[in-house]
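Hydrogens, waters and symmetry mates are skipped; everything else that's a heavy atom, side chains included, is used. A, B, ... follow the sequence lines: proteins, then strands. Residue 1 opens every chain. Quick caveat: nothing in here was measured; it's all calculated off a predicted structure.
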2 protein chains.
Amino acid sequence: MGGPVNQDRLWHTIEELAAITDAASPYTRRSFTDLHVAGRAWLREQFIEAGLVPSLDAAANLTGHVDGTGSGLGAIAVGSHCDTVPAGGRFDGIAGVLSGLEVARTLRENGVKLRHGFQVVDFLSEEPSVYGMSCVGSRALAGVLSAEHLAFQEPGGETLAQAINRMGGDAAKLTGPLRDPGEIAAYVEVHIEQGPVLESRKIPAGIVTAIVGISRTNIYFTGQADHSGNTPMSMRRDALLGAAKLVVLADELARALNTDEDYFVGTVGQLNVEPNASNIVPGWVSMCLEYRSNSTPARKSYIEAVTAHGKRIAEELGLKISFEAVSDADPAICDDAVRGAIRDACEKLQYEHLDMPSGAGHDAMHVARTAPMGMIFIPCLEGRSHCADEWVSSEDLAAGANVLYETVRALDARI
Amino acid sequence: MGGPVNQDRLWHTIEELAAITDAASPYTRRSFTDLHVAGRAWLREQFIEAGLVPSLDAAANLTGHVDGTGSGLGAIAVGSHCDTVPAGGRFDGIAGVLSGLEVARTLRENGVKLRHGFQVVDFLSEEPSVYGMSCVGSRALAGVLSAEHLAFQEPGGETLAQAINRMGGDAAKLTGPLRDPGEIAAYVEVHIEQGPVLESRKIPAGIVTAIVGISRTNIYFTGQADHSGNTPMSMRRDALLGAAKLVVLADELARALNTDEDYFVGTVGQLNVEPNASNIVPGWVSMCLEYRSNSTPARKSYIEAVTAHGKRIAEELGLKISFEAVSDADPAICDDAVRGAIRDACEKLQYEHLDMPSGAGHDAMHVARTAPMGMIFIPCLEGRSHCADEWVSSEDLAAGANVLYETVRALDARI
C-alpha cells in the first residue's frame, strides 16, 4: 500500500514514545504521572520540529498548531490521546496523535499549504485515571466536564481540578466549551479498531459511522442460600440459576438486534455469586449487563425485553430481581462530510475500506458536540488492546496516516 | 407429642452447653479450642451424673458408657458431635449428643436395664477445623484417618496429630479401626435435618435411608477476553455464556434424576468469572459442580451427561472446556435393622415419620464402616444451620430423643 507519509519515520516516533514507560510494566504512561509529563515534553519537541506551535488549553489538552492560508476558516483538527492504561499498549490513542504529527511533517515536506489551520491534539486523560474519570480533556473541550467531576479525588486527596492545573491547565476556566462554534471546522481521529473485524477481513481502513451509545444496568437476583445437600431441587430458590438463564437470553436478544443498519452488542462481563461456596445454593447474584448500539431505539427495546424476561424468570424460580440503571449514553453520529472525505481519501489511495460503528468510546465522541467529527479505524492484531501485546503493523499504521493525510487535504478543499 | 424423655431437662442441657461459647460470636465452640475443652469438661460431668463412665479413645472421642446385663453383646452407641463452626448453631451435632445423654438419664430413671452396653459418643471435630479436616474422630474410629491427614498443620504449625494428643488422644495408635468388629452392635445418630423437608411437611421424625454419595467436579471454560464494544456477537468466544448454558442444563439434569427411589441434587454453588469487568467479554470461567445422591449409578450418569453437554456447548461456542474431578465419596447406606427399629419406635410413639436421605455428611457415614448405622432427623427452622439462627423447638427436640429412646430399647430387644 503506497502513500505520501513516511512509514519508517512514523514507526520511529511510535518506538520513541513507547520507550517512555514504566520499565517494570510496559507500556505504562498514565495521565498526570511523571511519565505522562515526560511523554508530553517529548511530543512538544516533536510538534516544534514539525513546524507546529505547541500550546495548552484550560483543560491541559496539548495542541500543536499551524495557521492556514485562508481567513475566517476554522481549523482542521486531528488527534487522540497519548496516555495509557496500566500495562497498556503502544498504539491505543497514540496512533492517532502520531499519525497527525506525521501528516503535519508530510504536509510541510511536500510544501502543501492548507487553507485551514491544522492542529494535532493530544487530549488529556482519555483513559480512566486515579481520579475515576475518562475522556477528561475532550469532555472539557466540549464543556461537559462538570464541577462534580472536577471535585473527584485520587486516594491521596488531590482533586481532578488540582491535577489539571498541575498539568498546565486552568480548571477555574472549565465552565463551558473551550472552542468557539466553528473554531474547529472538522475533527478526524485515527484509532486502532480494538476489535477483530478489519484484521479478519484484511481491510486497512474502517470508516466509522457512529460511536455507539452505551448503557449499563446492574441486575440483582435474590434467592435463598440453602444447604446444597439437604435442599431438594424442588424446594430451591437458586439465584445463579436465574442469572444463568438471563445471561443466555441476554445474549440471544443481542444477536437478534443486529441488522444491516444496526450494530448491537450485549454483554454480561461481570457476575458475582454469594456466598459462592460449593456446598451452598447461591442466595444472591449480581451481574452487570452492558449493551451498545448505534441505534437508540434498539438499546431501548433491548433493556425492555431483558427486563421482562428477567422478571418472568425470577417469578418462575421464586426469586426477587431488581434492576439498577448505572449509565446511559447516546451514540455520537459521525459527520457525513467527514465520512465522505475519508471515503474519497481511501478511493484515491486505492485502499479497501469498510463502514463500521465504533463499539468503544473515544475522544471524538465528546468533540462531536462542538465540531463535525469522523474517525478512521486501523486493524490491530486479534483486536487486542489495553495490553502489552497490542500490535499494529508498521504498514497498517502508515496506511492509516495516509488516509488521514488525504482526508485532511480533501476536507481542506471542500469545507 | 408425648414420650418418655424429660423435655425440660433436655432443653436445659442445650442451654447450658450453648452458654459455653465465644460471647462475641455465638455460637462458637470450635474443636481443639479452650471453649471446646470447657464444653467437654461440662459434658463429662453430665455423663457422670447420668451414670455413664467417661473415657477418651485414641482419637479423643469422648464416650460415656454403661454396661449392659448381657454378656458377649456389643454396645448400642448413640451420639454425634459438640463442636461448632465459627458463629454456628446450638443444635447441629449437639442435638445428637444431648439426646443420647437424655436417653441415658431416662433409662436409669425408669429402672431400665439394657442387655447391651449403652454409650453416648461425642466425636472429635466433626466440623472442619484449622487443621483443614472434618469428621476427625469418626474417621479415626473407622480407621480411615490417614498419616497424611494426621500431618495436616494449622497456620501456627501444630499438626492434627499433636492437636489430637493435646485433646487427650494418642495419635500414634491411629493405625486401624478403634473398635473391634461387633464391639458396636449398632450406632444411632439424631441430627437436625439442615433442610426444609420435615418442617414444611410438619413431620417430627425423618428415618434416614442413606447418607448420599458426594462428588465435586471443577469445570473450566476458556474463551477469549475481548472488548465488549468492538467484538461483534458473531465473533465472540464468551466463557460465561458457555458456563451459563451448562448451569441451566446441570439443574435440569439433576431434577430429572429424582425418582421415588432416588434422591438427587446437583448444584453450581461456586462460579468465578475472569477478568470480571463490565466491558470485557468473559475469557475464563471456573465453576464447581457438586452432586449428591443415594444412587451411585445416578451420580455416574449425571456427570457423564453434564460432561457430554459441556463439550457440545463448548464446541458450539468456540470455547475450551476441562473437567477436574475434585472428590468422589460413595453413599453410606443405613442398616435395615436399625431403620426398622427407628420405624417401630415412631409407630409406638404414634409419631409421623418419613423415609429420607441425608444430603449432608455426618459422623454416622464413617461409623458405618465398623457398625450397623442409622440416623434420626428432626425438623429445624427453615432448614437453617451453621448460623446463630439455627433453631429446633423444645418439643421437636424432645420428640427426637423419644424416638432415640424407643429405638435403643427396640434394638436392645432384637439384636
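A pairwise comparison of heavy atoms in Pro232(B) and Val197(A) identifies CG-CG2, 3.6 Å as the closest pair. Shortest non-hydrogen contact noted between Arg292(B) and Gly229(A) is CD-CA, 3.4 Å.
Counting heavy-atom pairs under 4.5 Å between each of Val247(A), Val273(A), Leu241(A), Ile280(A) and chain B puts Leu241(A) at the top. Chain A forms more heavy-atom pairs under 4.5 Å with one residue of Gly195(B), Cys288(B), Ser385(B), Ala360(B) than with any other, namely Ala360(B). Between chain B and the options Gly283(A), Gly359(A), Pro275(A), Ala250(A), heavy-atom pairs under 4.5 Å are most frequent for Gly359(A). Interface remark: of the candidates Val285(A), Val326(A), Asp238(A), Val268(A), Val268(A) forms the most heavy-atom pairs closer than 4.5 Å to chain B. Top candidate by heavy-atom pairs under 4.5 Å with chain A, chosen from Asn218(B), Leu246(B), Thr267(B), is Thr267(B). Among the candidates Tyr263(A), Phe377(A), Phe264(A), the residue making the largest number of heavy-atom pairs closer than 4.5 Å to chain B is Tyr263(A). Counting heavy-atom pairs closer than 4.5 Å to chain B, the top-ranked of the candidates Ala225(A), Ala243(A), Gly383(A), Gly266(A) is Gly266(A).
A distance of 10.0 Å separates CD in Gln194(A) from OG1 in Thr231(B), rounded to the nearest 0.5 Å. Within the model, atoms OG of Ser278(B) and CZ of Arg216(A) stand 3.5 Å from one another, a figure rounded to the nearest 0.5 Å. Note: His227(B) NE2 to Arg384(A) CZ = 15.0 Å, rounded to the nearest 0.5 Å.
Checking side-chain atoms of Asn276(A) against main-chain N and O of Asn272(B) turns up no donor-acceptor pair under 3.5 Å. Remark: side-chain polar atoms of Asn230(A) are paired, donor with acceptor, to backbone N or O of Glu193(B) under 3.5 angstrom.
Arg255(B) and Ser234(A) share no donor-acceptor pair across their side chains, judged by distance under 3.5 Å alone. Checked by atom type, the side-chain pair Ser228(A)/Glu290(B) shows a donor-acceptor distance below 3.5 Å.
Heavy-atom distances place the backbone of Ala277(A), and not its side chain, under 4.5 Å from chain B. With a threshold of 4.5 angstrom between heavy atoms, Asn279(B) approaches chain A through its backbone and through its side chain. Proximity to chain A (any heavy atom under 4.5 Å) is shown, for Val212(B), by neither the backbone nor the side chain. Of the atoms belonging to Asp251(A), heavy atoms from both backbone and side chain fall under 4.5 Å from chain B. Of the two parts of Tyr291(A), neither the backbone nor the side chain holds a non-hydrogen atom closer than 4.5 Å to a non-hydrogen atom of chain B.
With contacts defined as side-chain heavy-atom distances shorter than 4.5 Å, the pair Met233(A)/Leu257(B) does not qualify. Using a 4.5 Å heavy-atom threshold, the side chains of Asp226(A) and Glu382(B) count as separate. Considering only heavy atoms from C-beta on, Leu271(A) comes within 4.5 Å of Leu240(B) through its side chain.
For Glu324(A), the CD atom sits in a packed shell: over 12 heavy atoms of surrounding residues, nucleotides or ligands are nearer than 6.0 Å. The number of heavy-atom neighbours closer than 6.0 Å to CD of Glu316(A), taken from other residues, nucleotides and ligands shown, is above 12. Around atom CZ of Arg312(B), more than 12 heavy atoms belonging to other residues, nucleotides or ligands sit under 6.0 Å away.
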